[in-house]
Asker: 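One structure coming up, written as structure tokens, with questions to follow.
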Protein chains: 2
Amino acid sequence: MRILLVEDDHRVSAAMMTMLQRRGYEVEHAATAAAALAAAPCDLVLLDLNLPDGDGVDVCRSLRSRSEQLGIIAVTARGEERDRVVGLRTGADDYVVKPFSMAELHARIEALLRRTVRQAPQCELIEVAPIRINLGTRAVEVNGACVTLTRKEFDILVSLARQPGAAVSYERILLDVWQTTWSGRHTLEVHIASLRAKLGVPNLVQTVRGVGYRLQTG
Amino acid sequence: MRILLVEDDHRVSAAMMTMLQRRGYEVEHAATAAAALAAAPCDLVLLDLNLPDGDGVDVCRSLRSRSEQLGIIAVTARGEERDRVVGLRTGADDYVVKPFSMAELHARIEALLRRTVRQAPQCELIEVAPIRINLGTRAVEVNGACVTLTRKEFDILVSLARQPGAAVSYERILLDVWQTTWSGRHTLEVHIASLRAKLGVPNLVQTVRGVGYRLQTG
DNA sequence: GGGCTGCGTTATCGTTTCGTGACCATATGA
DNA sequence: TCATATGGTCACGAAACGATAACGCAGCCC
């Protein structure tokens with residue numbers, strides 16, 4: 001298991017690294033936001049939100065946008081609730097406040113790894129009926145013709161295409177695309193409309209009344 | 001998104017339920033360990049570890065063994081680190097200590113939901129006599145012919161089909177479909193009527209006088 | 001600055017679905 | 001067999017739902 005530790009205080013980071021390594025993790029250390037974003041891929045990030053060269057929250061956002069399945073645990077000295085909520089909303093999976101015990105941190109790391117690692121590695125290409133989605137390049141083809149989608153449209157399509165034929169609930173799509181169920185359904189409906197228009201195939205994106213939408217298979 | 005709230009203190013649970021419902025979640029409440037294990041399937045469990053009739057930790061273990069993908073957030077008054085570690089190690093995905101703010105709880109719920117339901121679509125298939133119910137696509141076939149059901153009709157059918165041949169009480173169905181037993185019983189009867197009409201098979205949905213309904217098995 | 005594009009919100013409209021009350025049917029039990 | 005309670009059916013108004021168009025705002029690139 002590979003962990004990236006992002007922490008600018010070298011005394012703290014040194015202590016944490018030895019603790020983590022003693023427990024069998026491979027640990028890479030980054031002291032700045034830039035270093036964090038440049039680090040090698042890993043399974044989990046321990047991210048201090050107080051960084052010298054940039055806000056940790058931005059790092060969090062960047063990391064999350066890069067990979068959905070990366071586990072992120074925010075670590076910070078500020079214990080105020082507002083910070084915690086912001087941290088979680090930004091894409092962190094968990095939040096630990098200093099000072100914390102190594103036992104608890106370890107438990108949280110394992111609880112999170114249990115979730116993240118088990119996930120099937122994303123295949124780069126999703127094919128559903130007449131659509132072909134390249135997750136890497138974010139390119140979409142319909143019946144062989146390339147279609148340009150905006151970010152939201154693409155994310156919505158992927159959210160649907162991950163479970164072809166299944167009814168995907170509003171909440172699920174909102175979580176996948178906006179990371180929260182809070183923002184309006186209306187917005188989603190509007191994007192669905194433009195997605196349908198761009199795909200051009202009638203009945204491909206079907207509505208499931210009272211539930212959400214479904215991508216018609218074959 | 002369906003949440004099961006396991007909490008024995010009724011003042012606390014009432015407050016939490018309204019808060020959760022206000023944020024758009026479907027909530028079922030269980031006050032005991034037994035009730036928790038008997039409740040309908042859900043996406044996430046808020047589990048008080050201090051229960052009267054059995055240790056919450058056991059409930060946690062049982063729920064986890066039943067489903068790997070179920071999200072479990074342990075909620076408890078004991079704030080000692082040892083408890084937290086035990087909770088997480090038992091299978092909980094997250095741990096919140098009372099008193100907590102609703103904003104933080106909500107943030108943690110969303111952070112966890114973002115992970116849980118996404119990957120393994122419950123592509124479960126229920127087959128009872130001439131009916132085939134696909135929970136993922138919410139499609140229903142009767143004798144091979146596709147039937148279109150409304151949300152309520154479908155939910156009622158699933159509630160019955162989960163225990164084929166067994167008499168399912170009014171209360172159980174109302175909880176499954178409306179998340180409350182608060183009257184509405186007449187409404188259920190009406191929906192049963194239209195469900196029967198759509199299924200078209202006589203005697204498939206049987207009345208159990210004074211109790212509820214039963215789905216006739218092959 | 002001025003156009004463009006992506007995005008979120010609001011307003012509006014047609015449709016489906018739901019819940020309710022009135023009335024009918026059937027079972028139950030004396 | 002009849003009275004009563006329990007469940008079934010019908011019909012209608014209210015509410016929810018979803019599609020679409022239009023607007024405003026922000027960021028971006030000349």
Side-chain angles (χ1 to χ4, degrees), chain A residues 58 61-62 65 89 138 140 147-160 167-216, chain B residues 21-22 24 26 138 140 147-160 167-174 176-216:
Chain A
D58 294 334
R61 230 189 297 268
S62 302
S65 71
R89 287 219 186 291
R138 297 177 70 88
V140 177
V147 172
T148 322
L149 299 183
T150 70
R151 197 171 347 144
K152 297 295 180 200
E153 287 159 4
F154 181 84
D155 290 344
I156 291 171
L157 180 60
V158 169
S159 178
L160 292 176
V168 185
S169 70
Y170 284 104
E171 291 81 17
R172 182 76 261 154
I173 302 175
L174 289 175
L175 275 176
D176 284 349
V177 179
W178 282 268
Q179 281 80 51
T180 175
T181 60
W182 249 48
S183 69
R185 285 161 58 125
H186 253 30
T187 308
L188 173 56
E189 284 165 4
V190 173
H191 286 286
I192 285 279
S194 64
L195 177 59
R196 278 171 170 154
K198 284 196 183 173
L199 293 181
V201 183
N203 246 340
L204 187 58
V205 177
Q206 301 179 330
T207 90
V208 184
R209 259 200 165 240
V211 179
Y213 296 92
R214 158 189 20 229
L215 203 61
Q216 176 73 330
Chain B
Q21 281 164 346
R22 193 169 302 158
E26 287 176 22
R138 298 178 69 91
V140 177
V147 172
T148 324
L149 300 183
T150 71
R151 195 164 115 86
K152 299 290 182 211
E153 288 159 3
F154 182 85
D155 290 347
I156 291 171
L157 179 60
V158 169
S159 178
L160 293 176
V168 184
S169 71
Y170 287 106
E171 288 77 22
R172 183 69 256 169
I173 302 175
L174 289 175
D176 286 351
V177 180
W178 282 269
Q179 286 85 50
T180 172
T181 60
W182 216 66
S183 100
R185 177 173 153 160
H186 182 52
T187 307
L188 171 56
E189 285 164 0
V190 174
H191 283 288
I192 286 281
S194 66
L195 178 58
R196 279 172 170 153
K198 284 195 183 175
L199 293 181
V201 182
N203 249 339
L204 187 59
V205 177
Q206 299 180 332
T207 305
V208 185
R209 244 176 188 257
V211 180
Y213 298 91
R214 164 190 14 233
L215 203 61
Q216 175 73 328

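Residue numbers begin at 1 in each chain, while the letters A, B, ... track the order of the sequences.
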Asker: Please give, in whole Å, the distance from D:dG8 P to B:Leu195 CG?
Answerer: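 B:Leu195 atom CG is separated from D:dG8 atom P by 12 Å.
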Asker: For A:Leu149 versus A:Lys198, what's the shortest heavy-atom pair and its separation?
Answerer: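 Between these two residues, the closest heavy atoms are CD2-CD, 3.7 Å.
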Asker: Check the angle between the aromatic planes of A:Trp178 and A:His191 and answer parallel, tilted or perpendicular using the 30° and 60° thresholds.
Answerer: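 If you compare the ring of A:Trp178 with that of A:His191, the planes turn out tilted.
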Asker: Side chains of A:Thr207 and A:Arg196: any donor to acceptor distance under 3.5 Å?
Answerer: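 Not at all, the side chains of A:Arg196 and A:Thr207 share no donor-acceptor pair under 3.5 Å.
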Asker: Checking side-chain contact (heavy atoms from CB on, under 4.5 Å) between A:Lys152 and each of A:Leu195, A:Val177, A:Val190, which is the one that passes?
Answerer: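 Filter result, single survivor: A:Val177.
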Asker: Looking at OG1 of B:Thr148 and CZ of B:Phe154, how far apart are the two atoms once the value is rounded to the nearest 0.5 Å?
Answerer: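 With rounding to 0.5 Å, OG1 (B:Thr148) is 12.0 Å from CZ (B:Phe154).
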Asker: May I ask you to decide whether B:Asp176 forms a salt bridge with B:Arg172, counting only side-chain N to carboxylate O separations under 4.0 Å?
Answerer: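 The answer is yes: the pair qualifies as a salt bridge.
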Asker: Mapping A:Leu149 and B:Lys198 onto DNA chain C by nearest heavy atom, which one lands closer to the 5' end?
Answerer: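 Mapping each residue to its closest nucleotide by heavy atoms, the 5'-most match is A:Leu149.
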Asker: I'd like to know whether A:Thr181 forms a side-chain contact (heavy atoms from CB on, under 4.5 Å) with A:Leu175, so could you lay out the CA-CA distance, the side-chain angles of the two residues, the decisive distance to 0.1 Å, and finally the verdict.
Answerer: CA-CA 6 Å; A:Thr181 60; A:Leu175 275 176; 3.7 Å; yes
Asker: Have a look at A:Thr150 and say if it touches a base, only the backbone sugar-phosphate, or nothing, with a 4.0 Å heavy-atom cut-off.
Answerer: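 Contact class for A:Thr150: sugar-phosphate only.
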Asker: Quick check for you: name the first and last nucleotides of DNA chain C, 5' to 3', having an atom under 4.0 Å from a heavy atom of chain A.
Answerer: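 Range of nucleotides touched by chain A: C:dG6 to C:dT17.
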Asker: Between atom CD1 of A:Ile192 and atom OG1 of A:Thr187, what is the distance when rounded to the nearest 0.5 Å?
Answerer: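 One gets 12.0 Å once the value is rounded to the nearest 0.5 Å.
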Asker: Spell out protein contact along nucleotides 14-30 of chain D as letters: B when the base is contacted, S when just the sugar-phosphate is, - when no protein heavy atom is under 4.0 Å; keep the 5' to 3' order.
Answerer: ---BBB-B---------
